[in-house]
Amino acid sequence: MSADVTVIVLAAGGGTRMRSKTMKVLHRVSGRSMLGHVLAAVERCEPARVVAVVGHQREAVAAHLADLRPDALVAVQETQEGTGHAVRVALDAMAAAGETPRGPVLVAYGDTPLLDGGSLASFVTEHREEGRAVSILSGVVADPTGYGRVVRREDGSVEAIVEHKDADETQRAVREINSGILAFEPGFLLEAIGRIGNDNAKGEYYLTDAVALAREAGLGVGAHRVADVLETEGVNDREQLARAGRAMNDRILRRWMQAGVTVMDPATTWVDADVVLEPDATLLPGVQLLGATVVAEDAVVGPDCTLEDCEVGAGARVVRAHAQLAVVHAGAQVGPFAYLRPGSVVGPSAKVGTFVETKNSTLAEGAKVPHLSYVGDADIGEGTNVGAGTIVANYDGVAKHRTTVGRHARTGSNNTFVAPVTIGDGAGTGAGTTVREDVPAGALAVSAGPQRNLEGWTARRRPGTAQARAAEEAQVTPGS
């Protein structure tokens, strides 16, 4: 497609039915804003210029637009007076910037997250090839009640768009409806936009009135039926937002399954639009993959995992874990019931086990933290095993400090590493040790004193208890 398409995205409405402090088009579906989905779809048309018409919460929408497409032109609709008025505002903004549409003008809506880029590209191509003044993106629905009907002539061209309240019995039987998404020949649009009036019940300027103007001028008007009319459905409230989210998720999962990914239970699996999955990855029930998460081949995620902006390497296994901004390398194991906070790196064939939390820490190849531990701001060396119940005390009340454990070290259970501290290669620590000073390579650190047994303590301090009776019985029957 030649790069002369102008896309006008209407994103000025307040969305009062959302009942939200967040602007409607900024609500998210599958990890992207609705506006973000629309911009991704129109990109398939290779537009030379994108103009976004903003109104309510214009600063927030414009800032988000700048992140998504910095070259977009922002046009401000001070008062919302209908779609025709919004398009006139967009064209005026282009004129103020010294620009004029050179090719087809596509008008889309910022609250239609299910738009498919392929459908839009086909729509614009057909519009151009047929040489029409106006083209309508239409769809067929089972129940068209409330929608504008696309009334065609015998030759298949469009006679008119008739609103439900104005339709006669024959027209109401038509199930092809107007989506509101239109394409225009630029010369006609520039001439017609000033002729659209607001003589209607709402006193608004309706862009669809351009269809009648084109017909009066004897110009071509056609409609392109989209395969799935759900693509064009706008989102106006939270219920519709949820439906769009489910439909988008189904679409995403279908695409990945067709690409060779195993999704054990699509009903409980949620994958954001920007997630990347490799063939032969497996997602078990209860998995959420959010943001820019990447899962490599032969990796298994789940059941019951939430990964946000994470990387999971080939053949890794992540089960019942929550992770954010973490990297799990090839062959590594995480979970069950592990929490990887930002900056966590689990090296090749390393392990973060049950009820383990890590933060801003690196486990080198083959390192293991198997049980009941907190590892924060630490580097754990190759092949090292950290004992159960270990706590890295990384915060002194003012600043965070780093702990380093060398290669092939063996640290005991119930240890506390008081950062900053270094435990050398091949070193060890005894059970219950508090490490406050560096441990040289190959040394064993112990901090507990000799064990003392206080004979008869239970009888003296716990008389009459089950514990005391058991001790007494054991003394009567030695070895029992």
Side-chain angles (χ1 to χ4, degrees), residues 28 31 270-272 274-277 283-284 286-296 299-313 316-382 384-405 409 411 413-423 435:
R28 303 181 80 80
W270 291 85
V271 175
D272 276 357
D274 294 322
V275 168
V276 176
L277 306 174
L283 308 183
L284 299 182
V287 167
Q288 298 179 72
L289 302 182
L290 311 178
T293 293
V294 177
V295 180
V300 179
V301 179
D304 306 325
C305 290
T306 298
L307 309 184
E308 181 177 2
D309 297 321
C310 293
E311 297 178 27
V312 180
R317 182 75 168 90
V318 183
V319 55
R320 290 193 170 89
H322 188 105
Q324 182 181 23
L325 289 168
V327 177
V328 180
H329 282 282
Q333 299 180 54
V334 176
F337 309 114
Y339 181 22
L340 306 185
R341 291 167 58 191
S344 296
V345 178
V346 185
S349 302
K351 179 178 182 179
V352 171
T354 307
F355 298 112
V356 174
E357 177 181 345
T358 64
K359 186 271 293 184
N360 193 27
S361 295
T362 298
L363 276 68
E365 183 172 2
K368 297 179 180 179
V369 185
H371 318 287
L372 300 162
S373 298
Y374 170 69
V375 178
D377 299 293
D379 298 294
I380 311 299
E382 174 190 350
T384 285
N385 189 91
V386 175
T390 294
I391 299 296
V392 175
N394 54 325
Y395 182 50
D396 64 5
V398 177
K400 301 289 181 68
H401 301 281
R402 202 147 190 93
T403 292
T404 300
V405 182
T411 68
S413 300
N414 195 30
N415 276 200
T416 301
F417 304 152
V418 183
V421 70
T422 297
I423 298 172
V435 180

Exercise for review: Taking all non-hydrogen atoms of both residues into account, name the closest pair between Gly387 and Ser373 and its distance.
Suggested key: O-OG, 3.5 Å
Practice item. Let me know which of Asp379, Thr404, Thr403 forms a side chain to side chain contact (heavy atoms under 4.5 Å, CB included) with Thr422. Key: Thr404
Study note, to complete from the structure: Across all chains, not counting sequence neighbours, the side-chain hydrogen bond (donor to acceptor under 3.5 Å, both in side chains) partners of Ser344 are Thr358
Review point. Does a sphere of radius 6.0 Å around NE2 in His371 hold more than 12 heavy atoms from other residues, nucleotides or ligands, not counting ones at 6.0 Å or beyond?
Key: no
Check your understanding: With sequence neighbours left out, which residue pairs that include part of residues 366-375 fulfil the salt bridge (charged side-chain N to carboxylate O under 4.0 Å, His left out) condition?
Key -> none
Check your understanding: Between Tyr339 and His322, how do the two ring planes meet: parallel, tilted or perpendicular, split at 30° and 60°?
Key -> perpendicular
Review point. Can you list the steps and then say if Val328 with Leu340 is a side chain to side chain contact (heavy atoms under 4.5 Å, CB included)?
Key: CA-CA 10 Å; Val328 180; Leu340 306 185; 3.9 Å; yes
Practice item. Please name all residues satisfying side-chain hydrogen bond (donor to acceptor under 3.5 Å, both in side chains) with Asp274, sequence neighbours left out, ordered by chain then number. Key: Arg32
Practice item. For residues Thr416 and Ala393, report the shortest heavy-atom separation together with the two atoms involved. Key: CG2-CB, 4.2 Å
**Study point:** Residue pairs passing the salt bridge (charged side-chain N to carboxylate O under 4.0 Å, His left out) test where at least one lies in residues 349-365, sequence neighbours excluded
**Key:** Arg341-Glu357, Lys359-Asp377
**Study point:** Closest approach of Val334 to Ala321 (non-hydrogen atoms, all atoms of both residues)
**Key:** CG1-CB, 3.9 Å
Review point. Are any side-chain N or O atoms of Thr293 and backbone N or O atoms of Asp309, one a donor and one an acceptor, separated by less than 3.5 Å?
Key: yes
Review point. So how far is it from Leu289 CG to Asp272 CG, rounded to the nearest 0.5 Å?
Key: 8.5 Å
Exercise for review: Answer whether the closest heavy-atom distance between the side chains of Leu277 and Leu283 falls below 4.5 Å.
Suggested key: yes
Output a table of donor-acceptor pairs, distance under 3.5 Å, between side-chain atoms of residues 299-308 and any protein atom two or more places apart or on a different chain; print 'none' if there are none.
from: Asp304; atom 1: OD2; to: Arg320; atom 2: NE; distance (Å): 3.2
from: Asp304; atom 1: OD2; to: Arg320; atom 2: NH2; distance (Å): 3.4
from: Thr306; atom 1: OG1; to: Gln288; atom 2: NE2; distance (Å): 3.3

Exercise for review: Sequence neighbours left out, what pairs pass salt bridge (charged side-chain N to carboxylate O under 4.0 Å, His left out) with at least one residue falling in residues 323-332?
Suggested key: none
Check your understanding: Can you find a pair of side-chain heavy atoms, one from Arg402 and one from Asn360, that are under 4.5 Å apart?
Key -> yes
Point to revise | Closest heavy-atom pair and its distance - Gly376, Val392 | key: O-CG1, 3.4 Å
Point to revise | Distance-minimising heavy-atom pair for Val421 and Phe417 | key: CG1-CB, 4.1 Å
Review point. Does the pair Gln324 and Leu290 meet the rule for a side chain to side chain contact (heavy atoms under 4.5 Å, CB included), with working shown?
Key: CA-CA 9 Å; Gln324 182 181 23; Leu290 311 178; over 6 Å; no
Revision key, fill the gap. Note: Val352 and Ala338 closest approach over all heavy atoms is CG1-CB, 4.0 Å
Exercise for review: Output the distance between atom OG1 (Thr390) and atom CG (Asn415), rounded to the nearest 0.5 Å.
Suggested key: 5.0 Å
Review point. What is the distance from atom CD1 of Ile391 to atom OH of Tyr374, rounded to the nearest 0.5 Å?
Key: 9.0 Å
